[in-house]
K.L.:
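A single structure is presented below for examination.
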Amino acid sequence: MPELIEVEIYRKAAARTVGRTVSTVSVSGNNYLRGGTSHADLRSAVCGGQLGRVRRKGKLLLLEIGKTVVGVRFGMTGRLIVDGEVTINELLYTTDEVKDRHVRFSLGFNDGGTLVVLDPRAFGNVELNPDESSLGPDAMRISNNALQGLFQKSRSTLKALLLNQQKISGIGNLLCDEILWRSGAAPARISCSLNCDEIERVSSAVKTTIRDLTKRGGSHLGELQPQRHQKGVCPLDGARLNQSTVAGRTSWWCPEHQL
DNA sequence: ATTGTGGCCTGCCCGC
DNA sequence: TGCGGGCAGGCCACAA
């Protein structure tokens with residue numbers, strides 16, 4: 001469930017290692033590397049390199065090491081541990097325990113520190129020089145104009161648009177449902193059918209929801225989240241929530257105020 | 001251009 | 001008590 005909020009927490013933690021020199025790197029198994037990156041590529045690219053900037057685009061964490069960019073995707077259950085310190089204790093849909101067999105990627109630094117990715121389900125991956133242009137603008141930084149333009153132009157549903165990382169990056173399923181709930185828009189609404197007021201409401205909810213849940217400390221800390229279950233009711237008006245699959249994802253929304 | 005399906009993989013919870 | 005089935009959601013390949 002790491003969405004942009006969690007990955008931003010990871011980015012800040014990883015930034016503590018800026019300036020250090022990488023001495024070792026390891027990746028478990030063969031399926032955690034992606035995009036043609038091999039173990040040998042990775043080792044020769046990062047070992048002896050110095051950690052420069054640590055960036056984030058959407059849910060993608062970018063570590064600049066020497067002349068190389070190492071991209072880390074956390075999938076659903078990826079957590080980052082820096083110098084032995086767990087950056088996020090509780091992650092939904094996975095265990096909070098730290099187990100050796102969940103270690104998928106690790107960097108060792110010459111000062112003895114480490115940067116470790118734990119990922120029980122191994123949906124995440126690591127890739128050298130990932131294509132950043134395949135991701136749309138980060139949801140936190142996208143301009144209001146660009147955001148509103150997206151809604152005006154897209155013929156897909158709101159749910160599909162907000163989850164489309166090529167158009168706007170960083171929003172996951174939980175954040176998406178919370179944003180739509182706060183905007184009073186139904187997930188299956190066709191984006192370009194929204195009027196100006198509705199577009200304004202949804203696009204401002206993107207920003208305010210992310211800001212708000214960042215303050216609370218996680219994308220699972222929205223108002224809607226505790227009600228995402230069979231007997232769940234709308235925290236706003238008490239109506240029984242609807243559930244259905246929209247854009248291939250489980251969606252919960254209020255039939256009373258999300259139109 | 002857009003939507004739908006299935007697969008990846010493990011932990012957790014439910015019912016038998 | 002233990003087992004198995006279903007489900008959670010990020011992301012991709014593929015089909016329609």
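Residue numbers begin at 1 in each chain, while the letters A, B, ... track the order of the sequences. Worth knowing before you read on, the calculation uses all heavy atoms, side chains too, and leaves out hydrogens, waters and symmetry mates.
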K.L.:
Partner lookup for B/dC9, please. Criteria are Watson-Crick or G-U wobble with both distances under 3.5 angstrom; report none if nothing qualifies.
P.N.:
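Here B/dC9 is not engaged in any pair, so there is no nucleotide opposite it.
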K.L.:
Taking only the side-chain heavy atoms of A/Pro120 (C-beta and beyond), determine which of B/dT2, B/dT3, B/dT10 contains the nearest atom.
P.N.:
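The answer is B/dT10.
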K.L.:
Check whether any side-chain nitrogen or oxygen of A/Lys59 sits under 4.0 Å from OP1 or OP2 of C/dC11, and answer yes or no.
P.N.:
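Looking at the OP1 and OP2 atoms of C/dC11, one of them is under 4.0 Å from a side-chain N or O of A/Lys59.
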K.L.:
May I have the distance from A/Leu150 (atom CG) to B/dT2 (atom P), rounded to whole angstrom?
P.N.:
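Going from CG in A/Leu150 over to P in B/dT2 covers 11 Å.
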K.L.:
In Å and rounded to the nearest 0.5 Å, what is the CD1 to OG distance from A/Ile179 to A/Ser219?
P.N.:
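One finds 10.0 Å between CD1 of A/Ile179 and OG of A/Ser219.
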K.L.:
Roughly how many Å is it from CD1 in A/Ile5 to C1' in C/dG10, rounded to a whole number?
P.N.:
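To the nearest whole Å, that distance equals 16 Å.
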K.L.:
Please state how far atom NZ in A/Lys57 lies from atom C1' in C/dC11, giving the value in whole angstrom units.
P.N.:
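To the nearest whole Å, that distance equals 17 Å.
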K.L.:
Out of curiosity, does A/Tyr32 fall in the hydrophobic cluster containing A/Leu63 (side-chain heavy atoms, cut-off under 4.5 Å, transitive links)?
P.N.:
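Yes; tracing contacts between hydrophobic side chains, which count when under 4.5 Å, links both residues.
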K.L.:
Kindly point out which of B/dT3, B/dT10, B/dT2 is positioned nearest to the side chain of A/Arg121?
P.N.:
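When the side chain of A/Arg121 is considered, B/dT10 is the closest of B/dT3, B/dT10, B/dT2.
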K.L.:
Looking at the side chain of A/Arg101, which of B/dG11, B/dT2, C/dG10 is the nearest nucleotide?
P.N.:
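Nearest to the side chain of A/Arg101 among the choices is B/dG11.
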K.L.:
Using whole Å, what does the distance between atom P of nucleotide B/dT3 and atom CZ of A/Arg155 come to?
P.N.:
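Nearest whole value for this atom pair: 10 Å.
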K.L.:
By nearest atom, which of the nucleotides C/dG10, B/dT3, C/dC11 is closest to the A/Gln165 side chain?
P.N.:
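Shortest atom-to-atom distance from the side chain points to C/dC11.
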K.L.:
Go through C/dC11, C/dG10, C/dA8 for me and flag the one nearest to the A/Gln243 side chain.
P.N.:
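My answer, after comparing the listed nucleotides, is C/dA8.
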K.L.:
Considering every strand and a 4.0 Å limit on heavy-atom distances, what is the contact class for A/Thr250: base, sugar-phosphate, or nothing?
P.N.:
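The residue A/Thr250 makes sugar-phosphate contact but no base contact.
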K.L.:
In whole angstroms, how far is the P atom of C/dC11 from the CG atom of A/Leu60?
P.N.:
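Whole-Å distance recorded here is 9 Å.
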K.L.:
With a 4.0 Å limit, can you tell me whether A/Arg73 has a side-chain N or O closer than that to the phosphate oxygens OP1/OP2 of C/dG10?
P.N.:
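Negative; the distance criterion is not met.
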K.L.:
What is the distance from NE2 of A/His229 to C1' of C/dG6, rounded to the nearest Å?
P.N.:
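Taking atom C1' of C/dG6 as the reference, NE2 of A/His229 is at 18 Å.
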K.L.:
Looking at A/Lys57 and A/Asp138, is any side-chain nitrogen of the basic one under 4.0 Å from a carboxylate oxygen of the acidic one?
P.N.:
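Here A/Asp138 does not pair with A/Lys57 in a salt bridge, since their nearest N and O are not under 4.0 Å apart.
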K.L.:
Counting only side-chain N and O atoms of A/Arg34, is one of them less than 4.0 Å from OP1 or OP2 of C/dC12?
P.N.:
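Yes, A/Arg34 has a side-chain N/O under 4.0 Å of OP1/OP2 on C/dC12.
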K.L.:
Any side-chain N or O of A/Asn31 below 4.0 angstrom from OP1/OP2 of B/dC9?
P.N.:
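For B/dC9, OP1/OP2 do have a side-chain N/O of A/Asn31 under 4.0 Å.
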K.L.:
Using ring centroids (six-membered ring only for Trp), state whether A/Phe74 and A/Tyr10 fall under 6.0 Å.
P.N.:
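Ring centroids of A/Tyr10 and A/Phe74 are less than 6.0 Å from each other.
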K.L.:
Check for me, please, whether A/Leu60 and A/Val18 land in the same ILVMFWY cluster - side-chain distances under 4.5 Å, paths through other members count.
P.N.:
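No; A/Val18 is not reachable from A/Leu60 via cluster members.
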K.L.:
Return no unless some side-chain N or O of A/His102 is found under 4.0 Å from OP1 or OP2 of B/dG11.
P.N.:
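So the side-chain polar atoms of A/His102 do come within 4.0 Å of the phosphate oxygens OP1 or OP2 of B/dG11, strictly under.
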K.L.:
Rounded to the nearest angstrom, tell me the gap between atom CD in A/Gln230 and atom P in B/dC13.
P.N.:
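So the CD-P distance, A/Gln230 to B/dC13, works out to 17 Å.
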K.L.:
Hey, does A/Val69 have a side-chain heavy atom less than 4.5 Å from the side chain of A/Arg55?
P.N.:
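Answer yes - side chains close enough.
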K.L.:
In this structure, how many angstroms lie between the C1' atom of B/dG11 and the CG atom of A/Leu118, rounded?
P.N.:
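To the nearest whole Å, that distance equals 14 Å.
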K.L.:
If you look at every strand shown and take non-hydrogen atoms under 4.0 Å, does A/Thr77 touch a base, only sugar-phosphate, or nothing?
P.N.:
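Touches nothing.
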